[in-house]
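Chain identifiers are assigned alphabetically (A, B, ...) following the order of the sequence lines, protein sequences preceding nucleic acid strands; residue numbering begins at 1 within each chain.
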There are 2 protein chains.
Amino acid sequence: MVTIADVARAAGVSPSTVSYVLSGKRSISETTRRRVHHSIAQLGYRPNAGARALASNRTNVVALVVPLRTDLNVPVVMQFVTATVTEARSHDHDVLLLTADEGAEGLHRVVASSLADAIIVMDVEAAEPRVPVLRELARPAVLIGVPDHPYELTCVDLDFTAAGADCVHHLADLGHRDIALIGPSPAVYQRGTSYAGRFLSGFRATAASRGVEADALACVPTYDGLRDCLDGLLDRRTPVTGLVVHNEAILGPLLSELAKRDLRVPRDISVLAVCPADVAQAQAVPLSSVDLPAVELGRLAVELAMRQLDGHAEPEVRLLPPRLTARGSTGPVVA
Amino acid sequence: MVTIADVARAAGVSPSTVSYVLSGKRSISETTRRRVHHSIAQLGYRPNAGARALASNRTNVVALVVPLRTDLNVPVVMQFVTATVTEARSHDHDVLLLTADEGAEGLHRVVASSLADAIIVMDVEAAEPRVPVLRELARPAVLIGVPDHPYELTCVDLDFTAAGADCVHHLADLGHRDIALIGPSPAVYQRGTSYAGRFLSGFRATAASRGVEADALACVPTYDGLRDCLDGLLDRRTPVTGLVVHNEAILGPLLSELAKRDLRVPRDISVLAVCPADVAQAQAVPLSSVDLPAVELGRLAVELAMRQLDGHAEPEVRLLPPRLTARGSTGPVVA
DNA sequence: TTGAAAGCGATACCAG
DNA sequence: CTGGTATCGCTTTCAA
C-alpha cells in the first residue's frame, strides 16, 4: 500500500506538505505542487479513508436511509437513490446505504461509530419518530418529505399541497365539476406518510374553493382494488369526469380498465397522474401529469447536506413547485 | 465521544482487554467480560469505524455496484439491493453504494482507499470489462451474473440456461408446437448482458431438441414495441400458441393487448413469465412463471463475500436452479 | 487471564 | 512557503 510518506519521499517533501497539496488548506509553491502531484500519479497514491477519518473527523460519507416498503413506488425510490449517489460523488463523497428497518438505532450507530458525516432520510412520516433522534444526534441531516414538526431539521420535497391544488385547478379549468382522487394504498395513509396527506389536503381545499365535487379514495394497488374504486366512481347518477391518480402502480391497469369499460381518454374521462415524467409518457395513452422530480430531489438533498457540512446553513423546508404537463389525457368536459 | 479508553477506565481494565472482549479473539474471564459489557452499555460506547479500520485493515463494509440503466427491471434491482443490505447487516457489515458509471476506476478507488473489504457487482455483461480489474484488485468479489470468462471470480445467478429450457419443456409438455420468446430490450442483448444470452440459448437449444418451432424477439419495453412483436407472432399462417416473456416491464401491457385482440389466456394463448413471484401474482391474470429470486441472490452474494473474507473460499459459479410455478396462465393447446 | 505499548496512515498544530 | 511531530482510537504483538 502506498502511503503519504511514500509520496513525500518520492517528491522530496514532508508528509504534511503532501497533505496540504491535497487539501489546499495552505498555499504551496507551484513547483512543489507539481512535484507532489507527479509522485502521486506515479505511485498511484490514494489516501486511506480510515486514517483520514480518524485524523480529520470527516468520513466523506453520507448515510442514506431507504424504505423497505413495497407499497411505495420502487422506481421513484431507485431514481432518488442513484441521484443521491451521483451527486454525492460529485462532492467527493460516498454513500452508505441503510434500510429503514434499523430505525433510530441505525442512525445512532452510524453517527456514534463515525461512519458518516451526514444523514439523508427518505419516506418520512407526518409524525416521524426519527425526528427527535436526528435532532439529538446534531449531525447534518436532510429529510425527504416534511413531517408535521420538522423542528430545526432541513427538509426537501415536492410541494404536494400545491400539486394537489394544481390538479384540481387544471380539471376545473377544463370544466370538470365532478372529479375524484385515486390515491395511494390505505396503508400509506394509515401510517401518515407525509406526502400523501399533503396532496390530499391541497386537493380537497382547492376542490372546495372551486366548487368542484371531489371524491378521494385510497386504492390498494391491485386489479381488484382498482375495480372497487372505479365501480364506486362510475356507477352512480353523476359519474366523475376527471380522475387524479396519485398511485403510480395502477396507471397501467387503470387505462386498461377504462378501455374495457369503453371509456375513451380524454373524451369520456380525463386522467391526470402524479408520477415521474417518463412514466407518464410511457403509458398506453401519454398522460398529463404533475412531475415527481425524484432526481432533482436526490440532487438537492445532497446539496443541502453538503451546505450544512460546509458550515453554516440555516435549517429550511425546501418545497419544489409542481410542474403540470398536459399530454393529452385531460380535456374539456363533453356535454 | 466515548472511546475504548473510557470504557477501560470505567471497567477497571486495560484498553486491550476491552478490545478482546469485543472481538472474542482471546479468552476472557466471565467476571471481567461482564464488567466490560456493563461499562460499554453504561457509556453507550461504539468503536470508531475509522480507527478500527486503520488498525485492523478491515472496514466491515462491502461495496455494492448497481447499474444506472433504466432498461433493467428496477424493482428487481431494488429487491436485490435491500436484500444485500439486510444480509450484510446480519454479518455486522455495512454497504457502500456505487453506481456502475464510475466503472473500473470506481473499483480501484474503493479498494485503494480502503473503503470496503469486498465488492459485489450487479448487471454483469458477457464480456465484462471489470473482470480483469477485479482480479488485479485481489479482493473478495462476487458478481451477480456470469461473464463468459469469470476466471477466478465468484459468481451467483439464476441458472438462466436451465430456466430457458424449463420454459420450453413446460409449454412443450402442454402440447405447444409453436411458441415464441419475447425477450428484453434489444439494448440489453446488444451490450451482451449475461442473463439475456443464457436464457435465450437454453430456450433455443431445448426448442430444437423438443422439435418445437420457436421464435425469439427482443422487445422494446413500450406499447409500440410490444405491438410490433405481437403483430409478427400472431398475424401469420400458424400463430404461436405459447409466449415466454422475459421482460417484466411489458407483462401488463401484453395482457391488455391480448385482451384487446380477443385472445383469452390460457385458452387461446399461454403466457409464461420470467419475473419475481409477486409480480407474476399481481397481474390481471396471475401468471405462471419462473421466479427471479432477487432476494435470495442478494443474500447469497453477501454470504459468499463473507466466506471469502473469513479466509479460504474457493471461487465458484453458483447457479440457482429455476423454479417454475404454474398459476393458470399456461394450459394445454386447444385444437 | 491480563497489561503495556507499538503501530496503522492520515491531519493539523507549532515552528521556522 | 515548508517541516517536524503529536494526535486521532483502535488492534495486536510481546511480556508477564
Given protein heavy atoms under 4.0 Å, the one-letter contact record of nucleotides 5-11 of chain D, with B base, S sugar-phosphate only and - none, is simply ---BBBB
Looking at residues at least two apart in the chain, or sitting in another chain, which of them share a side chain to side chain donor-acceptor pair (under 3.5 Å) with E152(B)? none
Tell me, please, which residues at least two apart from T99(B) pass side chain to side chain donor-acceptor pair (under 3.5 Å). D101(B)
Got a sec, which pairs hit salt bridge (Lys or Arg N to Asp or Glu O under 4.0 Å) with one end in residues 134-148 of chain B, sequence neighbours left out? none
Please enumerate all residues that pass side chain to side chain donor-acceptor pair (under 3.5 Å) together with Q42(A), with sequence neighbours excluded. H38(A)
Using a heavy-atom cut-off of 4.0 Å to chain B, what are the terminal contacting nucleotides of DNA chain C, in 5' to 3' order? dT1(C) to dG9(C)
For DNA chain C, find the residues of residues 90-98 of chain B with a heavy-atom distance under 4.0 Å and give them by number; none if there aren't any. none
Would you mind writing out the side-chain donor-acceptor pairs for residues 121-133 of chain A within the sub-3.5 Å range, not counting sequence neighbours?
from: D123(A); atom 1: OD2; to: R69(A); atom 2: NE; distance (Å): 3.2
from: E128(A); atom 1: OE1; to: E125(A); atom 2: N; distance (Å): 2.8
from: E128(A); atom 1: OE1; to: R130(A); atom 2: NH2; distance (Å): 3.4
from: E128(A); atom 1: OE2; to: R130(A); atom 2: N; distance (Å): 3.2
from: E128(A); atom 1: OE2; to: R130(A); atom 2: NE; distance (Å): 2.6
from: E128(A); atom 1: OE2; to: R130(A); atom 2: NH2; distance (Å): 3.3

Test of understanding: with salt bridge (Lys or Arg N to Asp or Glu O under 4.0 Å), list the residues that count as partners of E87(A), not counting sequence neighbours. R299(A)
Name all residues meeting the ring-ring contact (aromatic ring centres under 6.0 Å, His included) criterion together with F160(A); count only those two or more places apart in sequence or in a different chain, and write none if there are none. Y195(A), H246(A)
Give me each pair satisfying salt bridge (Lys or Arg N to Asp or Glu O under 4.0 Å) with a member in residues 4-13 of chain B, each pair once, sequence neighbours excluded. D6(B)-R9(B)
Hits for side chain to side chain donor-acceptor pair (under 3.5 Å) against S19(A), two or more places apart or cross-chain, chain-then-number order -> none
Between dT2(D), dT13(D), dG3(D), spot the one nearest the side chain of V13(A), thanks. dG3(D)
